[in-house]
Amino acid sequence: MRDTILLFLSRDLCYESNRYFMECLAEAFEHMGYSVEVCDLSLRMEEKLEGLLECQEKYLFAMDFNSLLPRLRLDDGTPYLKAFRVLFFNYLVDHPLYHHVGLKRGFPNYSVICLDTYHRDYIKKYYPDIERVFYLPLGGVQANIKRSFDQKRLELLFLGTYEPEDELYQEILSCPRSRRLEILALIEKMQGNPELTQEAALLEYLLEQGESLDESDFTVRMNGDYLADKYLRNLKRKETALAAAKAGVPFTVVGHGWETVKELERKHITLRKGVGFAASVQIMADAKMLLNTTPGFCGGLHDRVYSAMLNRTLCLTEGSRFARQKLTDGKDAVFYQVGDWDALTEKIVRIHENPAYAKRVAECAFQKSVSADTWQKRAEEVLQFSIY
């Protein structure tokens, strides 16, 4: 009888976030009465995978984040997911362009979950062998130590790794000429329109060049142009942090790489190295405001937004079309416009000077998210996908 849910850990994501997410999912599934097994493939991978083939009949479904399993093969060359006849969900936490190798062929029981509606639509259009693709945002996480808004010690918090975009720009310049020109053109298009996805920008560029590609060749080009996405997400992080710094509000920045940004060496700014995901949630719960940037998601929200809401922390995030469909500006969150950095600076000052308003927004956000955006709710939705 298939009555056990199998959760894979095939790789470690940034700050080991996937391990924390899996703990949350395991707890949620067990709360619903299911048996859960976690298979950590960091040690004795081949032995564990072979063992699972022998008892696969007991699994209702399996899951992994940014999984390596679609790339793995048995000794005889058989793809592992072809031999493993269990419904398998690969939960992608970034753009599918980074997962081209694992998406370019489908398997009978292979499904993909995306946290962005455009990512979902991209896979449906360009990877026809993937028959089942779903949209589901990551869940928010509540800290173990809960603080009232008035007890929070951090005025403004930014969480995220920074990789110097000038180094990434030099990497782009070292690409072959045709690739370099293409990446620079995509960057220019997406900078001019923050709502433009990279696939839409590439389609525009190809049309201008009089070039047409089939689905397979298009995904290869997208994969090769990954530096456009990487450059823009880091540039946006720096520009957002610098705008916040100008507000003069006590500002805490947590994440690797920020020591390279000399403009942040100011008395009211505290720079801290990156911490594990669980610790970052505790820090977030101690902040009155979280400043969020979204890494290339035009049709989704980062889990930081949901976690801020669940911890009664006011979230300042980009006011994209998608965000405005899901949240109400000034009620559930506060929106800013990417590129209008002076307005962001002024907005931070006004919120800091009006703690009653910030407290009201944070409380409203908590009430909205606690019933809809927990990992318990996400687990329930995954179960629905399993019977789809």
Side-chain angles (χ1 to χ4, degrees), residues 15 17 20-21 24 137-161 237 240-241 243-245 247 249-255 258 268-272 274-295 297 300-320 323 326-336 344-345 347-378:
Y15 302 113
S17 56
Y20 197 89
F21 296 154
C24 294
L138 296 171
V141 178
Q142 281 184 290
N144 295 326
I145 300 175
K146 298 178 176 61
R147 300 181 186 275
S148 69
F149 191 85
D150 295 330
Q151 292 174 325
K152 294 171 182 279
R153 295 173 295 182
L154 305 179
E155 294 295 330
L156 178 63
L157 173 67
F158 186 95
L159 292 168
T161 298
R237 285 172 184 167
T240 305
V249 172
F251 185 27
T252 301
V253 180
V254 180
W258 290 102
H268 69 287
I269 299 175
T270 301
L271 300 182
R272 297 177 58 178
V275 297
F277 186 85
S280 73
V281 174
Q282 302 301 320
I283 295 171
M284 184 187 299
D286 202 16
K288 295 177 181 177
M289 288 187 283
L290 175 79
L291 179 58
N292 177 66
T293 64
T294 302
F297 304 160
L301 294 173
H302 198 281
D303 60 281
R304 282 189 295 263
V305 174
Y306 300 116
S307 290
M309 294 169 71
L310 281 170
N311 287 286
R312 291 183 168 90
T313 296
L314 182 148
C315 185
L316 274 159
T317 191
E318 297 111 303
S320 65
K326 299 297 181 181
L327 304 171
T328 302
D329 188 19
K331 181 179 179 182
D332 310 314
V334 175
F335 295 145
Y336 66 86
L344 172 60
T345 302
K347 192 163 290 190
I348 291 171
V349 172
R350 288 200 304 272
I351 296 171
H352 178 65
E353 293 175 347
N354 192 349
Y357 167 78
K359 184 176 181 179
R360 186 168 63 250
V361 173
E363 181 61 32
C364 184
F366 171 78
Q367 296 299 332
K368 178 183 179 68
S369 60
V370 75
S371 62
D373 298 309
T374 64
W375 273 111
Q376 183 66 50
K377 298 299 293 185
R378 301 296 188 252

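Positions are given from 1, in the same order as the sequence printed here. Keep in mind that the numbers below use all heavy atoms, side chains included, and drop hydrogens, waters and symmetry copies.
Contact between Gly160 and Trp258 at its shortest, heavy atoms only, is O-NE1, 2.6 Å. Across every non-hydrogen atom of Ser280 and Val275, the tightest pair is N-CG2, 3.6 Å. Nearest heavy-atom pair, Tyr306 versus Leu301, reported as atom, atom and distance to 0.1 Å: OH-CD1, 3.6 Å. Among all heavy-atom pairs drawn from Ala285 and Asn311, the shortest one is CB-OD1, 3.6 Å. Looking at every heavy atom in both residues, Thr293 comes nearest to Arg304 through O-NH2, 2.7 Å. Nearest heavy atom pair, residue Ile269 against residue Leu271, reads CG2-CD2, 3.9 Å.
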Going through the distances and angles, do Leu314 and Leu290 end up as a side-chain contact (heavy atoms from CB on, under 4.5 Å)?
CA-CA 6 Å; Leu314 182 148; Leu290 175 79; over 6 Å; no
Evaluate Met309 against Val370 for side-chain contact (heavy atoms from CB on, under 4.5 Å), listing each step before the verdict.
CA-CA 8 Å; Met309 294 169 71; Val370 75; over 6 Å; no
Val253/Arg272 under side-chain contact (heavy atoms from CB on, under 4.5 Å): CA gap, chis, key distance, verdict:
CA-CA 6 Å; Val253 180; Arg272 297 177 58 178; over 6 Å; no
Apply side-chain contact (heavy atoms from CB on, under 4.5 Å) to residues Lys331 and Val361 and explain how you reach the verdict.
CA-CA 5 Å; Lys331 181 179 179 182; Val361 173; over 6 Å; no
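Once rounded to the nearest 0.5 Å, the distance linking CD of Gln376 with OG of Ser371 reads 13.0 Å. Atom CG in Asp303 sits 4.5 Å away from atom CZ in Phe21 (nearest 0.5 Å). Note: Leu310 CG to Gln367 CD = 10.5 Å, rounded to the nearest 0.5 Å. The OG atom of Ser148 sits 10.5 Å away from atom CD of Glu363, with the distance rounded to the nearest 0.5 Å.
Using a 4.5 Å cut-off on side-chain heavy atoms (C-beta onward), Glu318 and Tyr336 make contact. Counting heavy atoms from C-beta outward, Val334 and Ile351 have side chains that approach closer than 4.5 Å. Looking at heavy atoms from C-beta onward, Arg350 lies in side-chain contact with Lys347 at the 4.5 angstrom threshold. The shortest distance between side-chain heavy atoms of Leu344 and Leu291 falls below 4.5 Å. Considering only heavy atoms from C-beta on, Phe297 comes within 4.5 Å of Pro295 through its side chain. Under the 4.5 Å side-chain criterion, counting only non-hydrogen atoms from C-beta, Asn292 is not in contact with Leu316. Contact annotation: the side chain of Asp150 approaches that of Lys359 to within less than 4.5 Å [non-hydrogen atoms, C-beta and beyond]. Between Arg378 and Asp373 there is a side-chain heavy-atom pair separated by less than 4.5 Å.
Side chain of Trp375 to main chain of Leu138: no donor-acceptor pair is present (N/O by atom type, distance under 3.5 Å, no hydrogens or angles). Side-chain atoms of Asp332 do not come within 3.5 Å of backbone N or O of Ala362 as any donor-acceptor pair. Between the side chain of Asp329 and the backbone N or O of Phe335 there is at least one donor-acceptor pair closer than 3.5 Å. Ser369 places a side-chain N or O within 3.5 Å of a backbone atom of Ala365 that can act as its donor or acceptor partner. Panel note: side chain Ser307, backbone Val141; a donor-acceptor pair is recorded below 3.5 Å.
The side chain to side chain contact (heavy atoms under 4.5 Å, CB included) with Val249 is formed by just one residue from the set Lys288, His352, His268, Glu353; it is His352.
Figure legend: Arg312 and Phe149 shown without cation-pi pairing, the cationic atom not lying both under 6.0 angstrom from the six-membered ring centre and within 45 degrees of its axis.
Every residue was checked against the salt bridge (charged side-chain N to carboxylate O under 4.0 Å, His left out) condition with Arg237, not counting sequence neighbours, and none meets it. The salt bridge (charged side-chain N to carboxylate O under 4.0 Å, His left out) test applied to Asp286 returns Arg147, Arg153, not counting sequence neighbours. Under the rule for a salt bridge (charged side-chain N to carboxylate O under 4.0 Å, His left out), the partners of Lys377 that lie at least two apart in sequence or sit in another chain are Glu380.
Ring pair Tyr20/Tyr15: centre-to-centre distance not below 6.0 Å.
In summary, the side chains of Thr313 and Lys152 do present a donor paired with an acceptor at a separation below 3.5 Å, with no hydrogens or angles considered.
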